[in-house]
Amino acid sequence: MEGSLLKEFNPYLCYKNGSLYLEGVSLSDLAREIGTPLYVYSASYIRERVRAYYEAFPGSLVCYAVKANFNPEVIRVAGEEGAGADIVSGGELLCALKGGIDPEKIVYAGVGKTREELELAVDKEILMFNVESEEEIYVLNDIADRIGKRVRVSVRVNPDVDPKTHPYIATGLRKSKFGVDIENAKDLFKKAADLKNLDVVGVHCHIGSQILDVSPYEEAVSKVVDLCDDLIREGFEIRCVDIGGGLGIKYRPEDREPTPGDLAKAVRPHLSRLDLQVILEPGRSIVGNAGLLIAEVLFVKNKGHKHFIIVDAGMNDLIRPSIYDAYHHIVPVEDRDENYVIADIVGPICETGDFLAKDRRIRDLRRGDLIAVLSAGAYGFSMASHYNVRPRPAEVLVENGSYRVIRSRETYEYILYEKNY
Ligand code: LLP
């Protein structure tokens, strides 16, 4: 039963003789060799997802959102399929460059870019800055002037659309800190166009994340294309429209995951009104179901009214359940026991909010067993921390039956590095 369900998460995930494999690599072998907690990502899955975007949006530029997973080797795989990068910090810019992304395919959004970050990005001659406030355009113009380079900007507008997702990751509502309100956006376009080092070339929006119903995109893109149309009529040289990321993925067995094709179908009627280069910024839908987190059961504790399975991965390794109450499907790596229990699967961190699953029906697990937490390729390692002085996990990339460690497990020496003081 579990076997056919797994394929819906990731076609490269399956049980062979009761043992879990990703792209032909045994996850229990990996855990034995590299230890746990361990993030494992499937390269072929990432490749297919980037290709699916290009098939759905021919002629577009797919800028993989590095925030979802900033491992340079993960970025490299997306880049090999033609992806650029969407970044939100100087650190992400360096990861994208390390992953081999051409600066001419990098777009940079973010409400709080520092002078140093802007300087770095201007110096590297990235494709475009998605500016989010009036003050930002003056700082950017000043930096461009000093460095002696022209920069391309898109203005991020807030189309005031409800993406029907978790409130922490809804970004396109009027009350959010992102972008400028679409009704007043023209004013900022005019001010930016008057600055001598900026070329205003596009309109950007990103309405939110983990969006399972594509209709809010249709509404947002329709408003954004109206604005582009207006701006072009007024003489602005608008050449591109960046419709952001946010396409949701399957986390629960019953979730229906929209495809890039579904998204294209919803927005194409609006995009086809104008001849604009389309930019997309998918993160989760490229890497989310490419990856999983392997953890080992440390202890099982039955309190009578409650059964706890305590594993060696905590909220410092995967924080999504703790902060968004997010559901992640969990399966045993060795599927041998026939019995099920209802348990809380929790980590070793000193907080009640440290859990991976609550009241979950799962195989009866024992000390030493391994679990796989699915859909953990996006916002897993990238949100990991050292809380409780726990070294961050190792990361492995698998492809066609072989694997490569793409980040070693951190050591105490690394955390306590003397030059940190
Ligand atoms: N573009 C911009 C401007 C963004 O802010 C984001 C995500 C993306 C693209 C990519 O969105 P995606 O395709 O991955 O949904 N930590 C949260 C998600 C935060 C998303 C932030 N912005 C989570 O774990 O659900």
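As the structure lists them, so they are numbered: ligands from 1, and atoms in each ligand from 1. The model shown is predicted, which means the values in this text are computed figures rather than measured ones.
- Here the protein heavy atom with the shortest distance to atom 20 (C) of ligand 1 is Y379 OH, 3.6 Å.
- Atom-to-atom distance recorded for D86:CG and E281:CD is 4.0 Å, nearest 0.5 angstrom.
- The single protein non-hydrogen atom nearest to atom 24 (O) of ligand 1 is R320 NE, 2.6 Å, given as residue, atom name and distance.
- Between F381 and F70, the ring planes lie perpendicular to each other; the angle is over 60°, past the 30° to 60° tilted range.
- Neither the backbone nor the side chain of F178 has a heavy atom within less than 4.0 Å of ligand 1.
- Shortest contact from atom 7 (C) of ligand 1 to any protein heavy atom: K67 CD, 3.3 Å.
- The protein heavy-atom contact nearest to atom 3 (C) of ligand 1 is E281 OE1, 3.5 Å.
- Residues R76 and E73 are paired through a salt bridge, judged by an N-O separation under 4.0 Å between the basic side chain and the carboxylate.
- S209 OG, 2.3 Å is the protein heavy atom nearest to atom 15 (O) of ligand 1.
- Of the listed residues (R284, Q210, R156), the one carrying the non-hydrogen atom nearest atom 25 (O) of ligand 1 is R284.
- No heavy atom of G244 sits closer than 4.0 Å to any atom of ligand 1.
- Here the heavy atom of the protein found nearest to atom 16 (N) of ligand 1 is Y324 OH, 2.8 Å.
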